[in-house]
Protein chains: 2
Amino acid sequence: MADGITDRVRPRDRILETAQDMFHKHGIKGVGVDAITEAAGTNKMTLYRHFESKDELIVQCLRASAAKGAAIWGEFEAEHPGDKLAQLHAWVHKVAETLATDGRGCDMANAAVELTELDHPARSVIKELKGAQRDRLVALCRDAGIGQAELLADTLSLLFEGARVSVQTMGCQGPSTQFVRMAEGLISSFRAR
Amino acid sequence: MADGITDRVRPRDRILETAQDMFHKHGIKGVGVDAITEAAGTNKMTLYRHFESKDELIVQCLRASAAKGAAIWGEFEAEHPGDKLAQLHAWVHKVAETLATDGRGCDMANAAVELTELDHPARSVIKELKGAQRDRLVALCRDAGIGQAELLADTLSLLFEGARVSVQTMGCQGPSTQFVRMAEGLISSFRAR
DNA sequence: TCGGATAGTTACAGACCGGTAACACCCTAG
DNA sequence: CTAGGGTGTTACCGGTCTGTAACTATCCGA
């Protein structure tokens with residue numbers, strides 16, 4: 001086949017990347033380890049040499065997915081160095097772009113919906129990663145000079161989360177198209193106080 | 001056993017009720033038809049005599065779940081006859097109560113996350129039922145005399161949806177506790193315009 | 001009392017699931 | 001050249017899944 005990728009990238013990374021993509025598109029319970037390894041150009045034994053179970057693979061995928069999301073914050077700082085308010089607006093527009101282009105929701109939220117066992121190893125990881133997400137947004141709001149930074153950050157968080165779900169229930173032409181208007185309205189409303 | 005319920009309620013209704021409850025708690029893909037029929041005090045053959053497939057059962061559960069949600073709107077009208085603004089506030093508090101007591105999200109949203117096949121029979125039903133939900137809230141906002149009724153209704157919808165997801169990712173002590181403050185702030189902000 | 005509809009029981013088909021065993025292979029470091 | 005770690009292959013285990021077949025038991029209305 002001369003895949004190019006198959007040759008140079010190590011199997012573990014191919015599996016992690018492929019699993020992330022397939023979990024995202026088809027859901028965690030909708031994808032079996034056989035399908036993952038086949039799509040990654042490898043086999044089940046190799047997967048189980050690098051991950052002790054499917055649950056462990058799920059956890060690593062969630063961490064990788066969250067890390068990608070966190071990396072975007074570097075772009076905001078690079079594009080608007082020091083201007084925290086501009087970075088907040090950049091976040092709003094980045095969210096809108098995501099809503100318009102990605103028909104599936106947040107990997108962590110989706111995983112929380114699918115993995116209902118209260119003691120599932122992924123649940124504590126999801127809580128940890130979601131907490132970190134929230135903390136970043138709170139810090140950005142505070143540094144942007146907004147009074148009730150926590151309340152604004154939480155409101156924007158829930159709005160974002162809801163919009164990502166709405167895309168899945170009502171399509172990308174539904175209420176989520178109004179996200180920018182809602183978010184900008186909230187920001188200016190909080191700044192006015 | 002002398003269940004009481006098992007004797008008087010017909011198997012079809014017992015299956016529908018039990019399936020709703022189990023899908024809600026454990027997710028759709030987390031529950032098999034065998035488990036449903038056993039919990040409903042019946043058997044698989046009887047299920048397949050009343051529902052042509054699990055997918056069909058899922059659709060009927062979603063419709064039943066949505067109908068229960070819609071029934072609550074009657075209470076709002078009964079408690080505050082004619083006072084649409086009071087009914088809107090009643091909706092807000094009802095949502096907050098749901099967030100505090102139900103650790104799982106909206107059945108339709110959860111189903112949309114789990115059933116990723118674009119042509120799954122439940123997807124169009126979810127869209128239809130979610131659209132009806134939205135329309136009711138828009139009508140309530142408009143009848144309450146709010147100018148940008150659609151925008152407020154959509155904002156409240158997304159906030160609600162996001163809060164229900166947040167309960168699943170961060171627990172009921174997370175950002176969702178602020179829902180009432182957020183919603184009331186939005187309503188008074190829209191009324192001021 | 002009888003007949004038909006409804007419901008329960010057992011067994012099974014065929015597919016898929018996560019996970020493992022045993023063995024052959026190949027590439028690279030020494 | 002060689003030894004060994006990483007990888008690929010095949011086959012398999014026990015379990016679960018949706019869905020069906022064939023038969024039996026029960027209840028209700030005429």
Side-chain angles (χ1 to χ4, degrees), chain A residues 1-20 22-23 25-62 111 114-117 119-123, chain B residues 1-20 22-23 25-62 111 114-117 119-123:
Chain A
M1 293 284 180
D3 233 332
I5 286 179
T6 311
D7 299 344
R8 309 211 167 269
V9 182
R10 296 179 87 74
R12 184 182 193 282
D13 298 325
R14 270 151 45 203
I15 291 170
L16 205 54
E17 201 70 25
T18 308
Q20 258 182 270
M22 295 184 75
F23 285 154
K25 285 181 185 157
H26 311 297
I28 290 174
K29 300 206 179 177
V31 178
V33 291
D34 268 320
I36 294 171
T37 53
E38 190 189 336
T42 176
N43 54 75
K44 200 156 48 167
M45 273 313 304
T46 301
L47 186 154
Y48 280 103
R49 285 187 191 111
H50 290 287
F51 305 93
E52 72 170 4
S53 66
K54 184 185 181 182
D55 283 348
E56 170 69 17
L57 175 61
I58 292 167
V59 168
Q60 296 304 326
C61 282
L62 290 176
E114 286 202 82
L115 309 175
T116 59
E117 305 102 325
D119 60 345
H120 193 288
R123 294 200 73 87
Chain B
M1 293 281 181
D3 232 330
I5 285 181
T6 312
D7 299 344
R8 308 209 170 272
V9 182
R10 298 179 82 76
R12 184 181 193 281
D13 297 326
R14 269 150 47 203
I15 291 170
L16 205 54
E17 202 69 27
T18 308
Q20 258 182 271
M22 295 184 76
F23 285 154
K25 284 180 186 157
H26 311 297
I28 291 174
K29 301 207 178 177
V31 179
V33 290
D34 267 321
I36 294 171
T37 54
E38 189 188 337
T42 177
N43 56 75
K44 201 157 44 166
M45 273 313 303
T46 299
L47 186 152
Y48 281 103
R49 284 188 192 110
H50 290 287
F51 306 92
E52 71 171 2
S53 65
K54 184 183 181 182
D55 283 348
E56 171 68 17
L57 175 62
I58 293 167
V59 167
Q60 296 304 327
C61 283
L62 291 175
E114 286 201 81
L115 309 175
T116 60
E117 306 102 324
D119 61 346
H120 193 287
R123 294 200 73 86

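The chains referred to below are lettered A, B, ... by the order of the sequence lines, with proteins before strands, and numbering in each begins at 1. Predicted model only: the values in this text are computed from it and were never measured.
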Rounded to the nearest angstrom, tell me the gap between atom [atom1] in [X] and atom [atom2] in [N].
X: A:Met45; N: C:dC26; atom1: CE; atom2: C1'; value: 17 Å
X: A:Ile15; N: D:dG8; atom1: CD1; atom2: C1'; value: 12 Å
X: B:Asn43; N: D:dA21; atom1: CG; atom2: C1'; value: 14 Å
X: A:Ile36; N: C:dG18; atom1: CD1; atom2: C1'; value: 11 Å
X: A:Lys29; N: C:dG18; atom1: NZ; atom2: P; value: 11 Å
X: A:Asp34; N: D:dC12; atom1: CG; atom2: P; value: 16 Å
X: A:His26; N: C:dC17; atom1: NE2; atom2: C1'; value: 17 Å
X: A:Arg10; N: C:dC26; atom1: CZ; atom2: C1'; value: 14 Å

Original post:
Does atom CD of B:Glu38 have more than 12 heavy-atom neighbours, drawn from other residues, nucleotides or ligands, at distances under 6.0 Å?
Top reply: no
Can you tell me how far [atom2] of [Y] sits from [atom1] of [X], rounded to the nearest 0.5 angstrom?
X: B:Thr42; Y: B:Leu47; atom1: OG1; atom2: CG; answer: 8.0 Å
X: B:Phe23; Y: B:Ile58; atom1: CZ; atom2: CD1; answer: 5.0 Å
X: A:Arg10; Y: A:Ile15; atom1: CZ; atom2: CD1; answer: 12.0 Å
X: A:Ile36; Y: A:Gln20; atom1: CD1; atom2: CD; answer: 11.0 Å
X: A:Leu115; Y: A:His120; atom1: CG; atom2: NE2; answer: 4.5 Å
X: A:Arg49; Y: A:Arg12; atom1: CZ; atom2: CZ; answer: 14.5 Å

Original post:
Are any non-hydrogen side-chain atoms of A:Leu57 and A:Leu16 less than 4.5 angstrom apart?
Top reply: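 Yes, their side chains come closer than 4.5 Å.
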Original post:
What residues form a side-chain contact (heavy atoms from CB on, under 4.5 Å) with A:Asn43, not counting sequence neighbours?
Top reply: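 In terms of side-chain contact (heavy atoms from CB on, under 4.5 Å), with neighbours along the sequence ignored, A:Asn43 is linked to A:Met45, A:Thr46.
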Subject >> Where A:Val31 and A:His26 come nearest, the two heavy atoms and their spacing >> reply: CG2-CB, 3.6 Å
**OP:** Considering just the side-chain nitrogens and oxygens of A:Thr46, establish if one lies under 4.0 Å of OP1 or OP2 belonging to D:dT7.
**Re:** no
**OP:** Examine D:dG8: is either OP1 or OP2 under 4.0 Å from a nitrogen or oxygen in the side chain of A:Thr42? Give yes or no.
**Re:**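 For A:Thr42, the contact criterion (side-chain N or O under 4.0 Å from OP1 or OP2 of D:dG8) is met.
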Original post:
Which residues, if any, of residues 47-55 of chain B bring a heavy atom under 4.0 Å of DNA chain D?
Top reply: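 DNA chain D contact set from residues 47-55 of chain B: B:Tyr48, B:Ser53, B:Lys54.
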Subject >> DNA chain C: 5'-proximal contact among A:Val33 and B:Pro11 (nearest heavy atom) >> reply: B:Pro11
Original post:
To the nearest 10 degrees, what angle separates the axes at the start and end of the helix from C:dT1-D:dA30 to C:dG30-D:dC1, five pairs each?
Top reply: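 Its terminal axes enclose an angle near 10°.
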For nucleotides 24-29 of chain D, tabulate all protein N/O to nucleotide N/O atom pairs closer than 3.5 Å, reporting atom names and distance.
none

Subject >> salt bridge (charged side-chain N to carboxylate O under 4.0 Å, His left out): pairs with one or both residues in residues 25-34 of chain A, sequence neighbours excluded >> reply: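 For residues 25-34 of chain A: A:Asp21-A:Lys25, A:Asp34-A:Lys44.
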**OP:** Find which nucleotide of DNA chain D each of A:Lys44 and B:Val31 is nearest to by heavy atoms, and output the residue with the more 5' nucleotide.
**Re:** A:Lys44
Original post:
How would you list, by chain and number, every residue that makes a side-chain hydrogen bond (donor to acceptor under 3.5 Å, both in side chains) with A:Glu56, sequence neighbours excluded?
Top reply: A:Gln60
